[in-house]
Every structure is written in C-alpha cells, then in structure tokens.
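Worksheet: one structure, shown below.
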Amino acid sequence: MNTGKGFNHRTFSILGSAGMLPAVRGILPRTPRGSYETAKEECPIHNAKEPSGNMPDGASNMLALPKARQLASLLSRVIIVVRCASFVSPVFAQSDAEFAKANQDYAQNNFKEAISGYETLVRSGQWSANAFYNLGNAYFRAGDFGRAILNYERALALERHHPEAKANLQIARDEARALELQQIWLERYLQFASINQYVITATVAFWLVLFCVVGLIFARRRSAAIIAVLIVSLLVFGIAILAIYELDQGSKGRALAVVTGKDVQARIATADTANSVLALPPGSEIKILSTRGDWVYAALPNNLRGWIPEKSAEQVRL
C-alpha cells in the first residue's frame, strides 16, 4: 500500500449502480432518477358534493346548475394539479441540473467545484446514500480523507448495505490510517438490518401479541397455536427493541462522529496544554459523550476517553 503523498492506485469498488462516481477512474455515470430526496408540497383536492335523491318529474332543468358546479369543480382540480406540477417540476429539474453539474466537475478533475455542488444538495436537505457516496469520492480525490470517510459513513447510515461505500471506506481508512471504535459482539450481529427495519419488525410483533392476548381472553378454549404465536411474537418484539437500542446508542449510533481536523490530540482536560491521551488521524471514529464549551468529551478507539476540540470532528448523523 502506498502511504506517501499519492493515492492508492487500487480501483474503488464499482458494481454498476447508476449515479455513483468511481473515485479513481473518473468515469461520469448517468444521473439516477430519484437519487436524492426532494421535498414535495401536497396539493389539496376538494371533493365536490353531488346531489342525492330522486328528481321529481319535470325538474330536469334543475340539473343544469349542479352540472355547472361539477364542471367548475373539475376545472378547479385541474388548475390545482397543474399549479402543483409546475411547482414541483422546476425543483426536480434544478436538483438534476446541480447533480449533473457536480458529476461533470468531478469527471473534469475539478474536485473543489464538485464538492461545492454536492454540498449544496446536502445543505438543501436532499440526502441519499449515492449523494454522500459521490461527495466522499470527491473529498478523497481532493486529499481530504477525514471528510471522505465522514461522507462514506453517512452513506452507510442511510443505506447499510451499500457495497461501494463499504469498499471505499476501507480504502480511505487504509490511506489515512484512521482508527475505529471497537464494537461489542452484540452490535456486530445486529447490524444485518437497519433501525427502520427493526422498528417495523417490533411494530408487527407488538400487534401480533395484542391480537393473541385478545384471542386468548375471548376464546372458549385456549389454543396451543395462539400461545405459540404469542411466545414467538414476544421474543421477536424483545429482540427488535434491544436491537433498536443498541444500534441507536452503540458505537455506530447517533453519537458517532468522525475526526475531520488534522493533528488532533485527545487530551485529559479542556486545554491545549493538557496531556495527550491519543493522537487521532483524520477519519478516526469517536463517540461524543458530552460537550463543554468548545470541547467534546468522547469515547475513543482503544477503549480510551478524552477531550478534543469540537471543531475537529463532525457527527455522522445530521
């Protein structure tokens, strides 16, 4: 592995997913549809009230007014839909243009401009795994390993099974010699699913438990099948809740941060003159435990703890 000023010449893992930039080859991919989230404004559609009941004989001329109202209501719906479409379409078009421009800057080796373009999308709230992945690639090519690792981590936080982000994250860590937090065995086993998936599982299991309890209360005879489903549902619910807690509060949870500064030293106190606990290369992981002024107290790799300047690290979860 080359540890000098040049980049590692191993090709970044590209598995053909549209809209993700290779960090070494510089091939410009197609812009994916829906690769980032765009806020949409809901368009209210009001339902016209229709007359009910039978019309008396000779009163057919009275239908003219309800029909006119129906026509006016239908016309108003069309106008509302057209207005909403005219509002949403420019938003999508502008986002597509910004994303395409950032990709073009990347392909032309204008990495600072590409970073600016991707960051603009992120600041506007258009988050996706591919957008953070591309941003990480741009930072990598610009030589900023700390922020490259930060954005690969953000991509994986949104899409846990993102093979390209995983591969590039490991390469960036090797280049930066970044340190990782140790995970307990339970965290490693629970990471095969995301928090959202565990939340859905817990919700389904909860309702199954509720239905089984109601069934046992009102059933004339207790069913062994219902009792078995109840026990399994309780077990699944408990495991899902435990997984949610561990993934949210563990080493890869909401408090996870990445060192983005250079020559960062974790210290025993909130002073630049305090003794150093550990040197943290860019891209190293920490878990923020508390904040005091311009310093954060964090859990560090190698089971250590110390204070670092708040500006030297950024949290993975925005």
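Because only heavy atoms are used, hydrogens play no part in the values below, and waters and symmetry mates are left out as well, while side chains stay in. All figures in this text were calculated on a predicted structure; none of them were measured in a lab.
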**Message:** Apply side chain to side chain contact (heavy atoms under 4.5 Å, CB included) to residues Arg173 and Glu285 and explain how you reach the verdict.
**Reply:** CA-CA 10 Å; Arg173 280 175 175 164; Glu285 294 178 338; 2.7 Å; yes
**Asked** Could you go step by step and tell me if Tyr118 and Asn151 meet the side chain to side chain donor-acceptor pair (under 3.5 Å) rule?
**Response** CA-CA 11 Å; Tyr118 294 131; Asn151 284 282; over 6 Å; no
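For the atom pair OH (Tyr152) and CD1 (Ile171), the distance works out to 8.0 Å, reported to the nearest 0.5 Å. Atom OG of residue Ser128 and atom CZ of residue Phe132 lie 7.5 Å apart, to the nearest 0.5 angstrom. How far CD of Glu187 is from CD of Gln249: 10.5 Å, rounded to the nearest 0.5 Å. From Glu175, atom CD reaches atom CD1 of Ile149 across 10.0 Å, with rounding to the nearest 0.5 Å. From Lys112, atom NZ reaches atom CG of Asp144 across 11.0 Å, with rounding to the nearest 0.5 Å.
Applying the salt bridge (charged side-chain N to carboxylate O under 4.0 Å, His left out) test to every pair with at least one member in residues 299-312, sequence neighbours left out, gives no pairs at all. Residues in residues 224-251 take part in these salt bridge (charged side-chain N to carboxylate O under 4.0 Å, His left out) pairs, two or more places apart or across chains: Asp248-Arg254, Asp248-Arg317.
Salt-bridge formation is not detected for the pair Glu113/Lys101: no Lys NZ or Arg NE/NH1/NH2 atom is positioned less than 4.0 Å from an Asp or Glu carboxylate oxygen.
The hydrophobic cluster containing Val122 also contains Ile115, counting ILVMFWY residues as joined when their side-chain heavy atoms lie under 4.5 angstrom apart, directly or transitively.
Checked by atom type and distance alone, the side chain of Trp307 never pairs as donor or acceptor with a backbone atom of Ala266 at under 3.5 Å. Judged by distance alone, with hydrogens and angles left aside, the side-chain atoms of Arg267 form a donor-acceptor pair with the main-chain N or O of Ala274 at under 3.5 Å. A donor-acceptor pair is defined here as one N or O able to donate and one able to accept, closer than 3.5 Å; no such pair exists between the side chain of Ser284 and the backbone of Leu280. Looking at Thr120, its side chain does come within 3.5 Å of a backbone N or O of Ser116 through a donor-acceptor pair. Judged by distance alone, with hydrogens and angles left aside, the side-chain atoms of Gln265 form no donor-acceptor pair with the main-chain N or O of Ser276 at under 3.5 Å. A donor-acceptor contact shorter than 3.5 Å is absent between the side chain of Arg141 and the backbone of Asn109. No donor-acceptor pair closer than 3.5 Å links the side chain of Glu314 to the backbone N or O of Thr260. Proximity of a side-chain donor or acceptor of Ser312 to a complementary backbone N or O of Ile308 within less than 3.5 Å is not detected.
Using a 4.5 Å heavy-atom cutoff, the side chains of Leu256 and Ile286 are not in contact. Contact check for Leu179 versus Leu278: side-chain heavy atoms found under the 4.5 Å cut-off. The shortest distance between side-chain heavy atoms of Leu156 and His161 does not fall below 4.5 Å. Inter-residue side-chain proximity for Val258 and Glu153 is flagged as met; some heavy-atom pair is nearer than 4.5 Å. A heavy-atom distance below 4.5 Å is not found between the side chains of Tyr139 and Phe145. By the 4.5 Å heavy-atom criterion applied to side chains, Arg292 and Tyr297 are not counted as neighbours.
Taking the six-membered ring where the residue is Trp, Trp185 and Tyr189 present perpendicular rings, their angle passing 60° and hence far from 30°.
What you find for Pro281 and Ala178 is that their closest heavy atoms are CB-CA, 4.4 Å.
A centroid separation of less than 6.0 Å is found between the aromatic rings of Phe111 and Tyr106.
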